[in-house]
Amino acid sequence: MLSHILYILVFLSVAVAVPAHRLAENASLVLTIGTLGMWRYGWGAINFVRATIFIHIVHPRRRAAVTSRYLERQRPVHSFFLVTTYKVDTAVTARVYRSLFNAAAASRGGATVVASIVDTADERLIRRIYSLMKPRAAHVRLIIDRIPATGKRDALATSLRIIASQCPMPDDIVVLIDGDSCPPEDLVETCAPFFVDPKIGAVTTDEDCEIEESRLFRDWFNLRFTQRQMMMSSMGLSGRVLTLTGRLSIFRASLACDPDFIDNVQHDWLAHWRLGTVKFLTGDDKSTWFWLLKRGYEMAYLPDVRSVSMESQPKPGFVDSAVALMLRWFGNMLRTNGRALALGPHRIGWFTWWSVLDQRISMWTTLFGPATVVMSAVLISPLVLPLYVAWVMFTRYIYCCLLTTFRPAFPITYPFLLYFSQIGGALVKTFVLFRLDRQKWTRQATARRARRAVTLSERLRNLSSTYVHMLASAWLLFAAFMISTARM
């Protein structure tokens with residue numbers, strides 16, 4: 001509490017210390033920042049209201065309705081769990097599979113667990129855990145799918161074909177889980193009822209994480225998951241989320257076993273006007289999402305079902321780790337963003353379409369404000385900076401207070417981490433936007449191209465990416481310059 005009081009006193013002191021007449025000298029800047037702020041925080045307020053309505057009114061009613069219909073059925077669904085494990089700590093793997101077999105054992109219609117692995121040691125560990133839990137999981141079947149380390153997409157495709165060979169019923173479910181994520185024990189019984197609606201192609205759930213390392217990294221992840229709960233709940237009101245997270249998502253078996261769906265997971269690609277054919281290495285969760293989106297299926301969000309993932313810093317430093325993760329996350333988003341927009345609002349819904357469009361716009365508006373402030377501080381008056389600092393501290397603190405609606409309380413690091421995510425994320429997005437061909441896992445080697453000489457065509461592509469990136473940044477700075485020097 002003391003840290004929050006000190007925080008409030010600091011931004012109030014900074015705001016009061018700046019003479020009020022300085023605002024008049026920079027009226028155009030104040031108007032610009034205010035307009036951008038009203039737009040961005042207006043959009044945030046819309047999502048906040050939608051999320052609140054969804055969590056407290058719409059979702060409970062929907063759950064009650066589908067659960068009643070599901071219980072009227074004569075046959076509970078059979079659940080297929082597909083989990084990919086590669087270079088995961090042994091202790092984490094043991095915990096994940098224990099929770100996995102518990103969830104499978106709780107499936108009233110029986111369950112099949114397909115473990116996609118690479119290492120023999122993982123196979124021995126998984127079989128040992130299975131044998132120890134066999135008395136409780138008597139109706140759970142285990143299939144080990146051991147493949148070469150050629151990537152997660154190959155692993156998913158191979159295991160999905162194994163599931164298809166088991167001839168699941170059309171209304172059975174396929175649960176895709178990462179090797180570092182633990183599903184809740186009641187997963188099947190809380191998620192399967194939603195598939196009584198034939199329009200539902202998949203569902204995804206709330207997420208939490210456990211991080212034993214840096215507290216700052218843990219706070220950053222918790223903040224992201226809190227924001228995710230709000231945004232996904234808002235999207236859930238429209239029946240289409242913006243991603244089917246790879247940590248844990250559930251699919252209708254008839255769709256997950258469709259040969260075209262499996263082929264799309266394994267060999268997704270993008271035709272780019274400048275970069276040519278870009279084959280997707282990461283972002284399988286975006287491939288499954290777009291496949292369902294293109295075919296008109298709805299994707300539900302379940303805010304009352306939560307998985308837990310064991311995260312770790314991919315690099316020693318916080319900033320390096322955060323940037324590495326954002327490069328992968330935002331690369332996946334932007335590689336699919338354009339083709340989702342091309343489907344049009346009439347096909348995917350106006351709110352979903354606008355949300356996808358906003359992903360493209362927000363990276364530039366986020367950077368425009370700070371760029372204008374810096375130029376005004378250099379060209380007009382340095383007192384602009386403390387005013388901007390006070391504004392940032394105030395608005396981010398209020399935003400974090402609103403987030404407590406979805407997760408109780410927040411550490412004082414949240415406002416700073418929020419601003420870091422907004423500015424740092426926007427910089428990463430603009431970087432990736434012009435380099436969609438660059439892809440890299442944070443734990444896995446996505447391609448065995450290390451030490452290979454860069455070809456002339458690759459050099460030319462890299463140069464062209466740098467050129468268009470610099471050109472777009474120059475236009476942004478020019479607009480910031482015009483605003484900062486304008487007189488009202």
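Everything quoted here is computed from the prediction, not taken from an experiment. The first residue in the sequence is number 1, and the count goes up from there.
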Do the rings of H59 and F54 sit parallel, tilted or perpendicular, given the 30° and 60° boundaries?
tilted
>> S421 vs W220, test: side-chain hydrogen bond (donor to acceptor under 3.5 Å, both in side chains). Steps then yes/no.
In response: CA-CA 8 Å; S421 294; W220 182 65; 2.7 Å; yes
Check your understanding: How about R435 and H469: does a side-chain donor come under 3.5 Å of a side-chain acceptor?
Key -> yes
*Ring centroid separation F261 to F251 under 6.0 Å*: yes
key: Between S238 and R50: side-chain donor-acceptor atoms closer than 3.5 Å   = yes
Taking atom types as modelled and ignoring hydrogens, do the side chains of R224 and Q229 form a donor-acceptor contact shorter than 3.5 angstrom? no
query = If you measure only the distance, is there a donor-acceptor pair under 3.5 Å linking the side chains of T366 and R40?
reply = no
- Query: Can a donor-acceptor pair be found between the side chains of S457 and T455 at a distance below 3.5 Å?
  - Reply: yes
Hits for side-chain contact (heavy atoms from CB on, under 4.5 Å) against C257, two or more places apart or cross-chain, chain-then-number order -> I163, A164, P168
Separation between CZ (R461) and CZ (R438), nearest 0.5 Å, reads 10.5 Å
Applied to residues 2-17, the side chain to side chain donor-acceptor pair (under 3.5 Å) test, sequence neighbours excluded, yields H4-Y397
**OP:** Look at R306 together with D208 and state whether they make a salt bridge at an N to O cut-off of under 4.0 Å.
**Re:** yes
Query raised in the report: Below 6.0 angstrom between ring centroids: does that apply to F221 and F217?
Result: yes
Look at the rings of W350 and W353 and say which category their plane angle falls in: under 30° parallel, 30 to 60° tilted, over 60° perpendicular. perpendicular
**Asked** So, S181 and S309: side-chain donor and acceptor under 3.5 Å apart, yes or no?
**Response** no
*State, without any angle test, whether D268 and W291 hold a side-chain donor-acceptor pair at a distance under 3.5 Å.*
no
Could you tell me whether the side chains of R407 and N222 share a donor-acceptor contact shorter than 3.5 Å?
no
### Task
Kindly confirm or rule out a cation-pi arrangement of R339 over F290, judged by NZ or CZ under 6.0 Å from the six-membered ring centre and within 45° of its axis?
yes
